Amino acid sequence: MRILVAEDERVLADLVAEGLRKQAMAVDVAYDGAAALDRLATNDYDVLVLDRDLPKVHGDEVCRRLAQRGARVRILMLTAAGAVRERVAGLGLGADDYLTKPFAYAELVARVHALGRRSSPPLPPVLERLDITLDTARRQAFRDGASLPLSRKEYAVLEVLMRARGAAVSSEELLERAWDEHTDPFTTVVKVTMSKLRAKLGDPPVIVTVPGSGYQL
């Protein structure tokens, strides 16, 4: 999943982002509402973790603008205000879920996963193609029953390929779905990760390069 964390408390924002990256998600961070809107205009996100009290452009206004243009992104609104009327107001602006600070990190992760499932076609708990099995709940991969020791990025790339169901996936799409905005689009990171993934998948090879189109499983 591609996530945007919009939170002006920088330490909290960076901690949340790093924790979500450990869940094999691609995460960008914005520290104010204007920056969040800029990123939302240029990137396709599955979930927006949105602090309600953002500077420059208030979180309410960010939420309102996204709702007006029918944005696909799902919104998890964060706020220190826990009163029922505050939650109702946030949901009325277009937020999909609401979490009061302070929150349990495990709950935030669970809510992001839940919203991600709603923003994309439902992902089965187990993906299978050829002799490869992906346990999406536990983020584990197997080939012919043997566990594969994949890194977070290798797992994320394999999941994108598995989701494609045999269609070719371009390097640009892999960058969009498995990396964040700080990745240089001209870097060789996709090729390097793909090479490592192929090595760990072993023989016979199952990932092929489709000239002019990308990679296919």
Side-chain angles (χ1 to χ4, degrees), residues 1-31 35-36 39-40 43-51 73-78 96-120 122-127 132-143 146-163 169 173-185 187-201:
M1 286 192 291
R2 185 82 183 268
I3 312 295
L4 176 62
V5 176
E7 167 63 64
D8 65 319
E9 295 181 37
R10 290 177 177 255
V11 173
L12 176 59
D14 293 343
L15 284 173
V16 168
E18 183 57 31
L20 292 174
R21 290 182 184 118
K22 291 179 180 179
Q23 302 291 318
M25 301 180 192
V27 187
D28 297 331
V29 179
Y31 301 114
R39 285 166 173 77
L40 288 159
N43 299 311
D44 184 21
Y45 294 103
D46 298 295
V47 178
L48 167 63
V49 180
L50 176 67
D51 178 46
V73 64
R74 300 295 182 174
I75 302 171
L76 172 59
M77 185 173 279
L78 305 178
D96 298 278
D97 200 358
Y98 203 97
L99 192 58
T100 304
K101 298 178 183 178
F103 51 81
Y105 179 71
E107 182 179 4
L108 181 141
V109 171
R111 289 173 182 263
V112 168
H113 275 298
L115 290 176
R117 289 193 293 270
R118 290 166 56 186
S119 71
S120 306
L123 185 65
V126 175
L127 291 174
I132 298 173
T133 302
L134 212 62
D135 184 333
T136 62
R138 296 179 177 84
R139 292 183 300 283
Q140 295 176 340
F142 304 86
R143 182 165 191 187
S147 179
L148 298 170
L150 303 183
S151 70
R152 294 198 300 270
K153 282 292 180 260
E154 291 160 1
Y155 175 90
V157 167
L158 181 57
E159 182 178 310
V160 174
L161 293 174
M162 295 281 281
R163 279 176 176 258
V169 181
E173 185 175 351
L174 286 170
L175 278 172
E176 172 71 23
R177 306 310 303 169
W179 279 270
D180 59 34
E181 66 181 0
H182 298 295
T183 304
D184 183 349
T187 186
T188 60
V189 65
V190 172
K191 288 185 178 179
V192 171
T193 302
M194 192 63 69
S195 177
K196 293 179 179 178
L197 176 59
R198 282 170 160 160
K200 290 183 180 180
L201 287 173

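Residue numbers run from 1 in the order of the sequence given. Everything numeric here is computed off the predicted structure, so don't read it as measured data.
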* Kindly indicate whether the side chain of L50, heavy atoms from C-beta on, has any atom under 4.5 Å from the side chain of L78. => no
* To do: Among residues two or more places apart or on two chains, list those pairs meeting salt bridge (Lys or Arg N to Asp or Glu O under 4.0 Å) that have a residue in residues 147-156.
  => E154-K200
* Side-chain touch Q23/V112, heavy atoms, less than 4.5 angstrom -> no
* **Audit row: D14, Y31, side chain to side chain donor-acceptor pair (under 3.5 Å) steps and yes/no** => CA-CA 10 Å; D14 293 343; Y31 301 114; 2.7 Å; yes
* To do: Would you check if Y45 and L40 make a side-chain contact, meaning some heavy-atom pair closer than 4.5 Å?
  => yes
* To do: Identify the heavy atoms of A30 and L4 that sit nearest to each other, and give their distance.
  => N-CD1, 4.1 Å
* Structure fact -> dist L115:CG -> R74:CZ (nearest 0.5 Å) comes out at 7.5 Å
* Which is it for L99 and R111 under the side chain to side chain contact (heavy atoms under 4.5 Å, CB included) test, yes or no, and what are the steps along the way? -> CA-CA 9 Å; L99 192 58; R111 289 173 182 263; 3.6 Å; yes
* Structure fact -> Scanning both residues in full, the closest heavy-atom pair of V16 with F103 reads CG2-CZ, 4.2 Å
* To do: Examine R139 relative to Y155 and say whether NZ or CZ is less than 6.0 Å from the centre of the six-membered ring and inside a 45° cone about the ring axis.
  => no
* Asked: Just how far is it from atom CG of L48 to atom CZ of R39, taken to the nearest 0.5 Å?
  -> 12.0 Å
* Asked: What closest approach, in Å, do L127 and M162 show between heavy atoms, and which atom pair accounts for it?
  -> O-CE, 3.4 Å
* Sequence-distant partners of R138, side chain to side chain contact (heavy atoms under 4.5 Å, CB included), two or more places apart -> D135, Q140
* **Minimum heavy-atom distance between A178 and V157, given as atom pair plus value** => CB-CG2, 4.3 Å
* Asked: Distance from L201 atom CG to K196 atom NZ, nearest 0.5 Å?
  -> 14.5 Å
* Asked: Hey, what do you get for CG (L108) to CG (D97), rounding to the nearest 0.5 Å?
  -> 9.5 Å
* To do: Report yes if some heavy atom in the side chain of M1 is under 4.5 Å from a heavy atom in the side chain of V27; otherwise report no.
  => no
* Asked: For V11, does its backbone N or O pair with a side-chain atom of E9 as donor and acceptor, under 3.5 Å?
  -> no
* Structure fact -> G19 and Y105 have their tightest heavy-atom pair at C-OH, 2.6 Å
* To do: Any chance you could lay out the salt bridge (charged side-chain N to carboxylate O under 4.0 Å, His left out) test for R177 and D46, step after step, and finish with the verdict?
  => CA-CA 10 Å; R177 306 310 303 169; D46 298 295; 2.5 Å; yes
* Taking 4.0 angstrom as the limit, do R2 and D28 come out as a salt bridge? -> yes
* Report yes if some heavy atom in the side chain of T193 is under 4.5 Å from a heavy atom in the side chain of L174; otherwise report no. => no
* To do: Search all heavy atoms of V5 against all heavy atoms of L20 and return the closest pair with its distance.
  => CG2-CD1, 4.1 Å
* To do: Measure the spacing between OG1 of T188 and CE of M194 and express it to the nearest 0.5 Å.
  => 12.5 Å
* To do: Supply the atom-to-atom distance E107 CD to T100 OG1, rounded to the nearest 0.5 angstrom.
  => 9.0 Å
* Asked: Any Lys/Arg nitrogen of E18 or K22 sitting under 4.0 Å from an Asp/Glu carboxylate oxygen of the other?
  -> no
* List the steps and the verdict of side chain to side chain contact (heavy atoms under 4.5 Å, CB included) for K101 and D51. => CA-CA 10 Å; K101 298 178 183 178; D51 178 46; 3.0 Å; yes
